[in-house]
Amino acid sequence: MLNLCSNNTPMKKIIVLVLPVLAGIVLNAKDLKLSENNIPETVKALTLEEKAMLVVGFKVEKVSGAAGATCPIPRLGIPSITLADGPAGLRINPTRDGDEQTYYCTGFPIGMMMASTWNRDVVGKVGQAMGNEVLEYGVDVLLAPGANIHRNSMCGRNFEYYSEDPLLAGRTAAAFISGVQSQGVGTCIKHFALNNQETNRLICNSIVSDRAMSEIYLRVFEIAVKESQPWTVMTSYNCINGIQAAENKWLISDKLRGDWGFEGCVMTDWGGGYRAEKIISSGNDMIQPGGQYWCDEIVRAVRDGRLDEKDLDACVGRVLELIVKTPTFKGYKYSDKPDLASHALVGREAAEEGTVLLKRTALPYAEGTGVALFGVGSYDFVAGGTGSGDVHRPYIIDLRDALSQGGFKLDGAVDEYYSEFMKLEAVRCRNIDTEAGLNLWFLEKERPLEALNRELVENAAKRAQTAVITLTRVSGESKDRLAATSFYLSSGEMDLIDCVAEAFHSEGKTVTVLLNVCGAVETASWKDKVDDILICYLPGQDGSRAVADILCGRVNPSGRLPLTLPIRWEDEPSSRNFPQILADKAANYSFYRNFYDGVVRNDVKNIDYTLYEEDIFVGYRYHSSVGQEVSYPFGYGLSYTDFEWSEPATRKVAGGWEVSVKVKNIGSREGKDVVEIYLAHPADEEYLPAEGRPALELKGYAKTGTLGCRETETVKIFIPEWICDAAQGGKLPKGYCFTALRSAGSHFSSKKICDSSNL
């Protein structure tokens, strides 16, 4: 501070000497405009209040329906940038008051289906298409991807996440991020970290070991950050071992930035974080959606000494580094007219690649086959989940229409019956939603009940050549799925399968079940009753067309499961430590304990706190280690052709290992295969949950190109040392080996590639 008072110097003289200096400072600040080369100078030129405004979101609606924005500081040339959801496509308002133009966005397949492709090139193409829509609609950062681990299949948000495995999830996320950011816009990987349940998500305390965090729950983010450098990261709502994620300096500054080298900006989830000084000092740069309260809190925290202004300056600097990269800052003239037609084709290709053939007896059908189409899902197909992971799509093609357009002949009597039934169900569903107050945009609406007319089924079995039954499940943020009603089939669904299978099999005809679902469902009790099973998840606006092409063989399915389908939900290792609230939807939503006074509550298990007692043994890591039988294993999927593997080899290379396998198509159709490389521990090693290694851990994978009959491809897969947690000093312990697994029947066959003695 300049001292303008002196006992020895006249005041007038001092003022004359100092004013030119002050005038120069003011003049420079007035002329200063933000650029990528003067960020430190810009930070110094900001007032404390302006700094607070920059790290707090404000509603500056350049794009109608966007989730948030940053605050502009016009005097320094700092614009507001726009942030918008979400993982399956850009989420903005499709129509605007006084504007005849529409602003629909492509509804791409959900994240779970992206991982099911096991194809980073396809995921990258989806990212590019989605990024182009972000760019052309004037948005700067897409709040995606969601990358949390499927700890339990009943997490309501699993549909927008990728997998139970951190390598598959991390590599899929990295491919998506690179694709989106190739268009000059940013991504925001979320929710960092351990957002594995929606029940009481704002304050639930995830209690987890350092090992499980490192190897499973943080590994997915580590891979994505190291391989793709997303522009931003979003912290989660929940607490982690007693510290709220947005206020967790170890998580944000030490791990994310220190250990992994993250270079971007960190923001809270919308309404996440509770204490401004803790959020900023942790290195969480931006509070969303913000508002004046948070600005005032930050200013007070600096002035009363609770927040060091240097920490605030660091956050401001990172926000400015984000801003200067954006299309808005660079003055991009967006068109509001992306090429939705070409992007729809990209989404359709991803749906084709991600659909998994679980059982095959009769497929594919010949074009022109007569089909009796059963199940309310066939006439009310589900394209995506609800909440911020949903998209305002221009259309959704029902399976009924896709099959008709794809050359199948639908049974008229069945079609007419369901058409009338669905009209009645639409009225019933609307009434229930209205009475229950379920008009919140993030909650799924009431679904139609299953229909069954036995006489109709029996008559259809005499006319149609085959039957297709569609079963649906949908979920979204804010609540978790209930195993009793969402994993297990209802009595109506079981009756439908039994009736259709009995009637059509008695006529010597086949039955296919299509799973149009948001996650795992029970299959073990009924899979032997039907001939073919496809799982297409929630495949986007054109997903039913992809299904139609697979049913008739125009497309050969090549998807693989990114999750385990257990025999019972109770077989999942986390089932005893996961919330299952037996209440209706409205009550389930109101169950949140929306308060925080600085005290982490440990009153109610799985609500106030959740124990990750299964540690690293998540999904297939558990099932394979204890010999737990499953209905369909992680990584499983069939094809319409056959492949032969040969010449397996492994060699040590810088930083890891290179595994190679020669893949040959020995079948009668062209198709793609997936090579999955697992690290396997010695068969005689005892399973020790507290300290042992899982029997199998995915360490590398690759999908072949399209192979014609008798065509071969040598697949080469690099496995970094740093993702092999069993490795010590770049070597594997004695008895460990890399094993290639492939689908065979309803389980895997394996081929040993090498063991540690070769390395």
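It should be emphasised that the depicted structure is a prediction, and the values quoted were computed from it without experimental measurement. Any value given below was found using the heavy atoms of this structure, including those in side chains, with hydrogens, waters and symmetry copies removed. Note that the numbering runs from 1 along the sequence shown for the chain.
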Taking the six-membered ring of F381 as reference, does the cationic atom of R400 (NZ for Lys, CZ for Arg) lie under 6.0 Å from its centre and within 45° of its axis? no

Could you tell me whether a side-chain N or O of R360 sits under 3.5 Å from a main-chain N or O of L363, the two making a donor and an acceptor? yes

Any donor-acceptor N/O pair, S544 side chain to I397 backbone, under 3.5 Å: yes

Pair N516, T472: side-chain N/O donor-acceptor within cut-off below 3.5 Å: no

Distance-only, no hydrogens or angles: does the S116 side chain make a donor-acceptor pair with backbone N or O of M112 under 3.5 Å? no

Check: D531 side chain, V511 main-chain N or O, donor-acceptor pair, under 3.5 Å: yes

Polar side chain donor-acceptor pair, H623 to D571, under 3.5 angstrom: no

Is any NZ, NE, NH1 or NH2 atom of the basic residue among E658 and R651 found under 4.0 Å from an Asp or Glu carboxylate oxygen of the other? yes

How far does CG of L399 sit from CG of L373, to the nearest 0.5 angstrom? 5.0 Å

Side chains of N195 and Y161: is there a donor and an acceptor less than 3.5 Å apart? yes

Mark yes or no for whether R151, through its side chain, and N196, through its backbone, hold a donor-acceptor pair below 3.5 Å. no

With a 4.0 Å cut-off, would you call E493 and R473 a salt bridge? yes

Answer yes if the side chains of S574 and N152 hold a donor-acceptor pair under 3.5 Å, and no otherwise. yes

Looking at K527 and S631, would you say the former's side chain and the latter's main chain have a donor-acceptor pair under 3.5 Å? yes

Pairing donors with acceptors under 3.5 angstrom, does anything connect the side chains of Y365 and T466? yes

Check ion pair R693-E215 (N to O, under 4.0 angstrom): yes

Does any part of the side chain of K672, heavy atoms only, come nearer than 4.5 Å to the side chain of E713, both counted from C-beta? no

May I ask you to check whether Y395 and D542 show a side-chain donor-acceptor distance below 3.5 Å? yes

Is it true that K652 and E721 make a salt bridge, defined as a side-chain N closer than 4.0 Å to a carboxylate O? yes

Under a 3.5 Å threshold, yes or no: a donor from one side chain and an acceptor from the other, between Q181 and S228? no

Distance under 6.0 Å and angle within 45° of the ring axis: does K699 meet both against W657? no

Give a yes or no on whether the backbone of P338 and the side-chain of E133 come within a donor-acceptor separation of less than 3.5 Å. no

